[in-house]
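A, B, ... follow the sequence lines: proteins, then strands. Residue 1 opens every chain. Predicted model, so just to flag it, every value in this text is computed and none were measured.
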Amino acid sequence: MIDPKTLRNDAAMVAANLERRGYSFDAAAYAELEARRKQLQTDTEALRQQRNDSAKSIGKAKAQGEDIAPLLAAQKTAGEALSQREVALAEVADALESLQMGLPNLLDDSVPPGRSEDDNLELRRWGEQRSFDFEPRDHVALGEALAQLDFASASRISGSRFAVMRGGLARLQRALIQFMLDMHTREHGYQEVYVPYLVQADALLGTGQLPKFAEDLFKIEDERGFYLIPTAEVPITNLVRGDLLSEADLPMRFAAHTPCFRSEAGSYGQDTRGMIRQHQFEKVELVHIVKPEESDEALDALTGHAEVILQALELPYRVVALCAGDVGFSARKTFDLEVWLPGQQRYREISSCSNCGDFQARRMGTRWRGASGGKPEPVHTLNGSGVAAGRALIAVIENYQQSDGSVVVPDVLRSYMGGIEVLSV
RNA sequence: GGAGAGAUGGCUGAGUGGUCGAAAGCGCUCCCCUGCUAAGGGAGUAUGGGUUAAUAGCCCAUCGAGGGUUCGAAUCCCUCUCUCUCCGCCA
């Protein structure tokens with residue numbers, strides 16, 4: 001969440017910043033609530049001080065064998081006044097907290113203006129779009145012709161927005177995942193982690209998926225309150241929840257492969273063909289925990305690590321800076337990697353790399369303290385896909401297709417494919 | 001699933017109703033001594049919030065979490081979570 005001190009002292013700046021997202025923050029209403037909180041808190045604390053002082057005097061009087069009955073009666077009345085204030089204070093504090101938890105992160109100054117993804121700013125392109133001497137097909141046509149991509153079975157089992165893969169294609173996805181994890185752990189300094197796919201609400205509150213985006217999540221209907229992770233960002237980032245880290249602990253880089261589960265409640269009719277948008281997909285996720293002054297360069301490094309994957313796979317892509325209206329709730333700045341899909345004749349998101357600043361750290365209570373002492377302060381957290389395996393698979397199929405419908409296995413994946421060089425019927 | 005033990009500050013670990021925000025040790029910081037990478041002495045050292053010019057004082061809260069009893073709770077009661085040990089089961 002946004003630093004409560006900033007909210008208190010610089011509400012106009014906050015309102016102006018969030019306005020760029022199209023979010024309207026009622027600074028006046030906040031200030032009023034905050035003023036009530038302050039008054040109630042001051043009153044409550046004064047009453048508590050009186051109670052504590054009296055309780056001590058009672059203890060002393062009793063020790064000296066004096067009659068304490070009248071003192072006790074007075075204390076009891078005072079106690080009732082106090083508990084009334086405490087109830088009122090708790091209500092206001094709750095209201096204030098839920099307001100704070102619902103505010104998106106402040107945007108970095110460098111985030112370009114704009115309302116939707118159409119306004120995102122293209123920063124650079126890599127690779128050449130392949131020219132085909134035949135009409136390139138999309139991954140659905142290719143996969144089904146190979147009898148390795150099976151939406152009919154998936155819908156029989158689970159309904160729409162699921163895929164069944166068979167044979168070489170299933171293996172190709174596994175190869176992609178292995179390749180990506182090996183690259184990040186061997187070349188980019190990440191520690192591989194294995195994490196739970198079921199998490200508690202507190203973890204989702206920490207990274208910002210809750211309380212506002214419950215409709216995007218799958219919740220398990222039993223008394224234990226599990227949610228399926230929508231991204232590995234949630235369990236990985238929460239590895240440091242509540243921690244007080246030392247300077248020597250930082251930076252931390254974690255990588256994990258997990259499935260991701262998304263309800264896609266708000267996306268009816270979008271990307272219904274193929275496996276661009278599924279309820280379940282595989283992703284390799286990268287997370288950095290860093291000192292605040294290092295988070296800007298960490299974002300560049302993180303984005304670069306994801307780019308290396310696409311470069312190694314020789315997949316053409318472009319890097320875009322998300323505009324103000326498209327940056328996610330918890331992020332203050334985001335770069336997306338968009339891979340070229342010949343079947344769609346357009347670039348599609350395959351990685352999203354975000355600097356969340358201290359927003360998640362504040363929610364999670366993750367702080368660090370420098371070697372020279374000083375007060376603990378929130379760390380900065382970053383996350384990015386490195387990259388989405390399902391979409392990487394689509395990109396490989398479409399970019400490496402041949403006129404006969406077979407798909408060449410990219411060089412860097414061959415060692416993971418047990419000698420298979422081409423997927424064919 | 002059954003039985004038992006536990007959860008205290010950066011760490012270890014005392015503390016069973018009042019002067020305990022909390023002994024002691026370790027670690028860390030500063031100072032002193034010491035002609036040397038040893039040892040010793042002294043002081044300091046939790047977090048959040050309020051007040052304030054103040055990272056000075058003063059005040060409030062926090063001893064796994066949430067309720068309760070009490071004038072007063074780390075200490076008593078209830079619920080929950082987690083950890084450990086043993087048994088059972090299982091991948």
Side-chain angles (χ1 to χ4, degrees), chain A residues 1-9 30-101 194-206 220 222-227 235 238-250 252 289 291-292 358-359 361-379:
Chain A
M1 57 190 185
I2 299 172
D3 186 349
K5 284 203 176 87
T6 305
L7 241 29
R8 214 173 293 154
N9 303 328
Y30 183 84
E32 192 185 319
L33 196 59
E34 172 57 26
R36 278 177 58 204
R37 192 221 96 234
K38 189 166 170 174
Q39 186 60 52
L40 278 166
Q41 183 166 333
T42 311
D43 292 355
T44 306
E45 289 186 359
L47 288 172
R48 278 207 272 249
Q49 183 183 353
Q50 284 173 27
R51 181 206 58 193
N52 292 347
D53 290 346
S54 304
K56 278 184 187 169
S57 332
I58 291 172
K60 280 183 192 155
K62 195 178 173 187
Q64 292 169 4
E66 295 171 18
D67 177 20
I68 57 170
L71 295 173
L72 292 185
Q75 266 298 74
K76 193 142 195 165
T77 334
E80 282 156 17
L82 172 59
S83 49
Q84 274 184 5
R85 286 305 161 87
E86 284 178 330
V87 169
L89 175 61
E91 280 173 12
V92 173
D94 282 352
L96 214 46
E97 196 199 338
S98 67
L99 211 160
Q100 287 166 356
M101 288 296 276
Y194 171 79
V195 291
Y197 305 159
L198 301 179
V199 296
Q200 293 292 331
D202 280 347
L204 291 153
L205 285 163
I220 295 184
D222 75 358
E223 67 287 350
R224 287 172 294 189
F226 289 122
Y227 291 83
N238 275 280
L239 286 173
V240 294
R241 183 150 58 106
D243 282 351
L244 177 55
L245 304 168
S246 67
E247 189 159 14
D249 295 328
L250 302 173
M252 294 174 157
I289 312 291
K291 291 191 255 182
D358 63 8
F359 186 83
R362 215 177 279 288
R363 291 171 157 246
M364 296 191 300
T366 305
R367 298 161 303 161
W368 75 293
R369 174 155 44 197
S372 52
K375 298 194 76 169
E377 60 172 333
V379 296

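Within the structure, salt bridge (charged side-chain N to carboxylate O under 4.0 Å, His left out) contacts touching residues 44-58 of chain A (residues at least two apart or in different chains) are Arg48(A)-Glu86(A).
For the pairing with Gln41(A), the side-chain hydrogen bond (donor to acceptor under 3.5 Å, both in side chains) check across Lys38(A), Arg37(A), Gln39(A) returns one residue only, Arg37(A).
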- Message: Is there a side chain to side chain contact (heavy atoms under 4.5 Å, CB included) between Glu34(A) and Leu7(A)? Walk through the geometry before answering.
- Response: CA-CA 10 Å; Glu34(A) 172 57 26; Leu7(A) 241 29; over 6 Å; no
- Before giving the answer on side chain to side chain contact (heavy atoms under 4.5 Å, CB included), spell out for Tyr30(A) and Leu96(A) the whole-Å C-alpha distance, their side-chain angles and the decisive distance to 0.1 Å. CA-CA 8 Å; Tyr30(A) 183 84; Leu96(A) 214 46; 3.7 Å; yes
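If you take atom C1' in rC58(B) and the same atom in rG21(B), they sit 16 Å apart, rounded to whole Å. Between rA23(B) and rA43(B), the two P atoms lie 15 Å apart (nearest whole Å). Here the separation of rA7(B) from rA65(B), taken at their C1' atoms, is 11 Å to the nearest Å. As rounded to the nearest Å, rG64(B) and rU12(B) have P atoms that lie 14 Å from one another. Nucleotides rU62(B) and rU8(B) have their C1' atoms positioned 12 Å apart, rounded to a whole Å. Going from the C1' atom of rC76(B) to that of rC63(B) covers 16 Å, rounded to whole Å. rG66(B) and rA56(B) have their P atoms separated by 29 Å, given to the nearest Å. Nucleotides rU45(B) and rG57(B) place their P atoms 9 Å apart, quoted to the nearest Å.
Atom-to-atom, CG of Asp3(A) to P of rG49(B) comes out at 8 Å; the value is rounded to the nearest Å. With rounding to whole Å, Glu247(A) atom CD is found 17 Å from rG27(B) atom C1'. Residue Asp202(A) contributes atom CG, which lies 12 Å from atom P of rC82(B) at whole-angstrom precision.
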- Task: For each nucleotide in nucleotides 50-77 of chain B, reading 5' to 3', give B when a protein heavy atom comes within less than 4.0 Å of its base, S when such contact involves only the sugar-phosphate, and - otherwise.
- Result: SS-------SBS---------BS-----
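To the nearest 0.5 Å, the span separating CG on Leu245(A) from OG1 on Thr366(A) amounts to 7.0 Å. Interatomic distance, CD of Gln100(A) versus CG of Asp3(A), reported as 9.5 Å (0.5 Å rounding). Interatomic distance, Met1(A) CE to Leu205(A) CG, rounded to the nearest 0.5 Å: 11.0 Å. With values rounded to the nearest 0.5 angstrom, Met364(A) atom CE is found 9.0 Å from Leu239(A) atom CG.
Smallest separation of non-hydrogen atoms from Leu250(A) and Ile289(A): CD2-O, 3.6 Å.
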- Can you give the dot-bracket line for RNA chain B, where a pair is Watson-Crick or G-U wobble with both atom distances under 3.5 Å, crossing pairs use [ ], and | marks a partner on another strand? ((((((((.[[[..)..(.....]]]((((((.......))))))((((((.....)))))).[[[[[..)....]]]]])))))))....
